[in-house]
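Note that these values count all heavy atoms, side chains included, but never hydrogens, waters or copies made by symmetry. Remember, it's a predicted structure, so these values are computed and weren't measured experimentally. Convention: sequence-line order gives letters A, B, ...; per-chain numbering from 1.
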There are 2 protein chains.
Amino acid sequence: MGLTKTEIFSDKQNALAKMAKALAHPARIAILEHMLEQKACICGDLVTEIGLAQATISQHLRELKDVGLIKGNIEGNRMCYCIDEAKWSLTKKELVDLFNQLKSCC
Amino acid sequence: MGLTKTEIFSDKQNALAKMAKALAHPARIAILEHMLEQKACICGDLVTEIGLAQATISQHLRELKDVGLIKGNIEGNRMCYCIDEAKWSLTKKELVDLFNQLKSCC
DNA sequence: GTTCTTTATCGTAATATTGCGATATAACAA
DNA sequence: TTGTTATATCGCAATATTACGATAAAGAAC
């Protein structure tokens, strides 16, 4: 137990849950907001802005990168992360599609 | 450790992360989709449709109820769950607001 | 009343997440 | 070269999540 039974769900359901999981931590929301406001794309700047340890921020960045929401560019000895616009838009669409299905119920 | 440092984030960031967490499991996506399609609002029906144990579905329903995305009405000895339209719309707006902040970056 | 049905909750095992210090790696600075 | 800076990754401890069997509670059916 303790393991999600992904095989009984559709690919779409699993994919959407995975994207939601990437958003399911305030540090990752904060990281994305910083990138959206273009205050900070550099790992070190995010460490200063957010106030978690460098190892922790790096780990959160990796989770966002793993699901494709952000991408990283090497700039000398630093990393500049930014939103992946294609994946961002696609995710927005998938979420809006879910939320737009609302009809009145019981 | 192992505990999210909610105190260093804004209420808004914590709230959005919490809603995302509620969506961060394929079973809960499936439950919401069933309710949206009005195929099943009854716990027992969801157990049959989805194929997880009754205790597990009940637990997922509770998580959705705890964040306010769904509400439950007692119908005799059964429970009819449905989307809470106000909370649903508000959550949609908060997510869309986040996703609409996209500007081009580095 | 008794029994059946339905759902919630408890307890528990397996697994995942969060956070950070320590360390490794790679580019820059001198 | 040596030292500095920036980031990634390892390893670990604390906590959370997932899943389910067993049981409790409450209404329905008899």
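You'll find the side chain of A:Ile70 reaches within 4.5 Å of the side chain of A:Leu32, heavy atoms only.
Partners of B:Arg78 under the side chain to side chain contact (heavy atoms under 4.5 Å, CB included) rule, at least two apart in sequence or in another chain, are B:Ile42, B:Glu75. For B:Ser58, there are no side chain to side chain donor-acceptor pair (under 3.5 Å) partners at least two apart in sequence or on another chain. Shown here are the side chain to side chain donor-acceptor pair (under 3.5 Å) partners of B:Thr48, two or more places apart in sequence or in another chain: there are none. With sequence neighbours excluded, the residues that form a side chain to side chain contact (heavy atoms under 4.5 Å, CB included) with A:Ala17 are B:Pro26, B:Ile29. Under the side chain to side chain donor-acceptor pair (under 3.5 Å) criterion, A:Ser10 pairs with A:Gln13, sequence neighbours left out.
Spacing between atom CE of B:Met79 and atom C1' of C:dT5 amounts to 16 Å, rounded to whole angstrom units. Atoms CG (A:Leu52) and P (D:dA8) sit 15 Å apart, rounded to a whole Å. For the pair A:Asp45 CG and D:dT7 P, the interatomic distance rounds to 8 Å; values are reported in whole Å. One can place CG of A:Leu3 at 14 Å from C1' of C:dT17, the figure rounded to the nearest angstrom.
Distance alone, capped at 3.5 Å, is enough to place a donor-acceptor pair between the A:Asn14 side chain and the A:Thr6 backbone. Checked by atom type and distance alone, the side chain of A:Trp88 pairs as donor or acceptor with a backbone atom of B:Phe99 at under 3.5 Å. The backbone N or O of A:Glu85 sits less than 3.5 Å from a side-chain atom of A:Ser89, completing a donor-acceptor pair.
For the salt bridge (charged side-chain N to carboxylate O under 4.0 Å, His left out) condition, the pairs that include at least one residue of residues 11-30 of chain A, sequence neighbours left out, are A:Arg28-A:Glu63. Sorted by first and then second residue, the salt bridge (charged side-chain N to carboxylate O under 4.0 Å, His left out) pairs involving residues 87-98 of chain B (not counting sequence neighbours) are B:Lys93-B:Asp97.
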Would you tabulate the pairs of protein nitrogen or oxygen atoms and nucleotide nitrogen or oxygen atoms of nucleotides 22-30 of chain C closer than 3.5 angstrom?
none

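Overall, the helix from C:dG1-D:dC30 to C:dA30-D:dT1 carries an axis bend of 20° between its ends, with five pairs at each end and the value rounded to 10°.
Heavy-atom distances under 4.0 Å link DNA chain D to A:Ser58, A:Arg62 of residues 56-70 of chain A, given in residue order. Of the residues in residues 5-28 of chain A, A:Lys21, A:His25, A:Arg28 come within less than 4.0 Å of DNA chain C through at least one heavy atom, sorted by number.
Members clustered with A:Val96: B:Val96, by chain and number, using a 4.5 Å side-chain heavy-atom cutoff among hydrophobic residues.
OP1 and OP2 of D:dA6 both lie 4.0 Å or more from every side-chain N or O belonging to A:Tyr81.
In the set D:dT7, C:dG21, C:dT7, the nucleotide with an atom closest to the side chain of A:Ala53 is C:dG21.
Between B:His60 and B:His25, the two ring planes are tilted [angle within 30° to 60°].
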